[in-house]
Every structure is written in C-alpha cells, then in structure tokens.
*Asks:* 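Below is the structure I would like to discuss, written out as structure tokens.
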Amino acid sequence: ALVPATIAGSVKHDPGVAATHVTRITFPPHPYILVSGTVNGRGPITLVLDTGAPNTWLSAKALRSLGISTENAERQTLPGRNVRTVRVDVASVEVGAAKVGPLRIGAFVEMETVAGADGLLGLDFLKNFTVTIDPTERVVTLERSDITRPREPVVAPGRPGDPQVHSAMPPQLERWS
C-alpha cells in the first residue's frame, strides 16, 4: 500500500478539512525524524517516524516503562536475523492529537533502544493519514485520510493526439505514478 507523503510547499492544506483532523508535530535537528508519542495513553516515548517500516515497533525498555506485558504475546524470530520479537495488542498509539487503535505492534525482546529511540512509528499508524514532511521548518503534518472530500479529476499527461486519461489520484501523488 502506498502512503501519501509530500514535501511541504508542493501541497497546501485543504481549508475544507477541520483543523481538529490535522496534527502538526515539530521535530528536533537529528538524522532521524523523532516524534513524541504515547501508547494506551501512557508515556511519553520517543519514536522514529519510519515510512519504510510496515509496523510500529517498540524496544524492550519502552515496553517496561509503559507497563506492557509480553507474557502472553505471540513470539517470533525475524527471518535472517537473530532477533527475538513479540507482537503485542495495544488499544491505541498517539502522536500529538493523532490517534490510531487498536493496533498489533511489534516489540524487540532484547533491544533496549531502536535507532537510539524507544521505537519506530510505522505504516500501520501512518497509513491513516496524509503525511507531509517539511524538513526546512522541521514539521510533520498528519491529516486524517478518512475525511471524505471531493477531488477534481487530474488529467494525466500524454502525447498530443492521445486520449485524455483522468485519474482520481490526489494531485500530490500524480507525479509518482
């Protein structure tokens, strides 16, 4: 599944979407985009926003700090790696005002940190939003993607004389198709 991601400046915020459905999160200067979040309303924890991770993952240290038990969790070993993991059901993951749940997240049993943070915020969370990253202002914007609003069809570019092909794809993604 493709998660819409844009670079700021290419798309303007839609004034037809209520501000309560838009979350703006500043992130510090760092090699990774770090965001503060909570799990089941507890935290805070620091997560790396990772658009390449299919799932949200937490470290063993984060699980302990949140009081999440892995006693009855599904255990597995990642293929090709000697890393034991568990899958844990949580009621919610929250980043700013953005909240998704319930989720089944992954947890690294023996790792105390993940990329120097408490975990990774993956696509299981991010796919619920249009994600805009502004690296200059160091702001991530999460806009609920389940808000329905009409979109104008986009005319796909073609050669002169070709029939026009209309796309329902959002304009910010059209250039990637």
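Count residues from 1 along the sequence. Here the structure is a predicted model, which means the values were calculated and not measured.
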*Asks:* What are the two closest heavy atoms between A117 and V48, and how far apart are they?
*Replies:*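 Result for this residue pair: CB-CG2, 3.8 Å.
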*Asks:* Of the options L58, V39, L34, which is the one that meets L47 in a side chain to side chain contact (heavy atoms under 4.5 Å, CB included)?
*Replies:*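 Among L58, V39, L34, the one meeting side chain to side chain contact (heavy atoms under 4.5 Å, CB included) with L47 is L58.
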*Asks:* Please assess V90 against N40 for the test side chain to side chain contact (heavy atoms under 4.5 Å, CB included), listing each intermediate value before the final yes or no.
*Replies:* CA-CA 6 Å; V90 298; N40 297 339; 3.6 Å; yes
*Asks:* Identify the heavy atoms of L120 and A53 that sit nearest to each other, and give their distance.
*Replies:*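 Heavy atoms only, the tightest pair is CD1-CB, 4.4 Å.
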*Asks:* Would you compute the distance between atom CG of D118 and atom CH2 of W57 and round it to the nearest 0.5 angstrom?
*Replies:*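 Atom-to-atom, D118:CG and W57:CH2 are 16.0 Å apart.
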*Asks:* One pair to check against side chain to side chain contact (heavy atoms under 4.5 Å, CB included): N55 and L123. What are the steps and the verdict?
*Replies:* CA-CA 6 Å; N55 298 306; L123 291 178; over 6 Å; no
*Asks:* Starting at CG of L49, measure out to CZ of F125 and round the result to the nearest 0.5 Å.
*Replies:*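 It is 9.0 Å, given to the nearest 0.5 Å.
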*Asks:* Do L126 and L142 have side chains that approach each other closer than 4.5 Å (heavy atoms only, starting at C-beta)?
*Replies:*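 Side chain of L126 against side chain of L142, heavy atoms only: contact under 4.5 Å found.
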*Asks:* Looking only at heavy atoms, which two atoms of F27 and P135 are closest? And how far apart?
*Replies:*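 In terms of heavy atoms, the two residues are closest at CZ-CA, 4.4 Å.
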*Asks:* Which is it for I45 and T38 under the side chain to side chain contact (heavy atoms under 4.5 Å, CB included) test, yes or no, and what are the steps along the way?
*Replies:* CA-CA 6 Å; I45 56 172; T38 62; 6.0 Å; no
*Asks:* Any chance you could measure K61, atom NZ, to L63, atom CG, to the nearest 0.5 Å?
*Replies:*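 Interatomic distance, K61 NZ to L63 CG, rounded to 0.5 Å: 12.5 Å.
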*Asks:* Indicate yes or no: at least one non-hydrogen side-chain atom of R138 is less than 4.5 angstrom from one of T26.
*Replies:*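 No, their side chains stay 4.5 Å or more apart.
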*Asks:* Which pair of non-hydrogen atoms, one from I25 and one from T23, has the smallest distance, and what is that distance?
*Replies:*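 It is CG1-CG2, 3.8 Å.
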*Asks:* Hey, what do you get for OG1 (T85) to CZ (R87), rounding to the nearest 0.5 Å?
*Replies:*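 That separation rounds to 7.5 Å.
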*Asks:* Picking from I105, T56, D50, what satisfies side chain to side chain contact (heavy atoms under 4.5 Å, CB included) with L121?
*Replies:*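 When side chain to side chain contact (heavy atoms under 4.5 Å, CB included) is applied between L121 and each of I105, T56, D50, only T56 qualifies.
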*Asks:* Atom OG1 of T130 and atom CD of E143: how far apart are they, to the nearest 0.5 Å?
*Replies:*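 Nearest 0.5 Å value for the OG1-CD distance: 5.5 Å.
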*Asks:* The test is side chain to side chain contact (heavy atoms under 4.5 Å, CB included); show your working for R24 and T141 and say whether it passes.
*Replies:* CA-CA 4 Å; R24 292 177 46 87; T141 304; 3.8 Å; yes
*Asks:* Looking only at heavy atoms, which two atoms of V100 and D124 are closest? And how far apart?
*Replies:*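 Nearest pair, atom of V100 first, then D124: CG1-O, 4.3 Å.
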*Asks:* Of all heavy-atom pairs between R42 and L66, which one has the smallest distance, and what is that distance?
*Replies:*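 Closest pair (atom of R42, atom of L66, distance): NH1-O, 3.0 Å.
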*Asks:* Would you give the length of the straight line joining atom OG of S92 to atom CG of L103, rounded to the nearest 0.5 angstrom?
*Replies:*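 S92 atom OG to L103 atom CG measures 8.5 Å (nearest 0.5 Å).
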